[in-house]
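Only one structure is covered here, and it is reproduced in the block below.
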Amino acid sequence: MTQPSSSDFQFARSQTQQEDDDSFDIAAFVRPLWRGKWIILLCTLVMMAIGGYYAYRVAVPIYTATSVVMLETADSSETVTNIQNIVAGLSSDTVALNSEVQVIQSRE
């Protein structure tokens, strides 16, 4: 039986070092972040509070909009020929009357 030579040990050691160099140790990457977790959490909460204060208290909205939505239940293919036909189709319900008032007051 032959004894392994020192060059065989050097080859095995260099191959092991090469495998270690190719791998990525995620624990070594995450460990410093985990140590500073309270600082990161504190900074995140402070920045969220500052952002919320700015968004809801300081910032003035540039654009505002309002809208009114009315669902039409009648057939829209009917042509308007007589005002009596329109008035006869309306109910005396408050919601329906308010909807019609909104339609009349709208720009279009």
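- Atom CZ of Arg31 is separated from atom CD1 of Ile26 by 11.5 Å, given to the nearest 0.5 angstrom.
- Tyr56 belongs to no hydrophobic cluster, as no Ile, Leu, Val, Met, Phe, Trp or Tyr side chain comes under 4.5 Å of its own.
- Members clustered with Ile62: Tyr63, by chain and number, using a 4.5 Å side-chain heavy-atom cutoff among hydrophobic residues.
- Under a 4.5 Å side-chain heavy-atom criterion applied to ILVMFWY residues, the cluster that includes Leu45 comprises Trp38, Leu41 as well.
- Counted within 6.0 Å of CD1 on Ile39, heavy atoms from surrounding residues, nucleotides or ligands total 12 or fewer; the atom is thus considered open.
- Leu42 and Met47 fall within the same hydrophobic cluster, where Ile, Leu, Val, Met, Phe, Trp and Tyr residues are linked whenever their side-chain heavy atoms come under 4.5 Å apart, directly or through other members.
- Across every non-hydrogen atom of Pro32 and Ala28, the tightest pair is CD-O, 3.3 Å.
- For the pair Ile40 and Thr44, the tightest heavy-atom approach, listed with the atom from each and the gap, is O-OG1, 2.8 Å.
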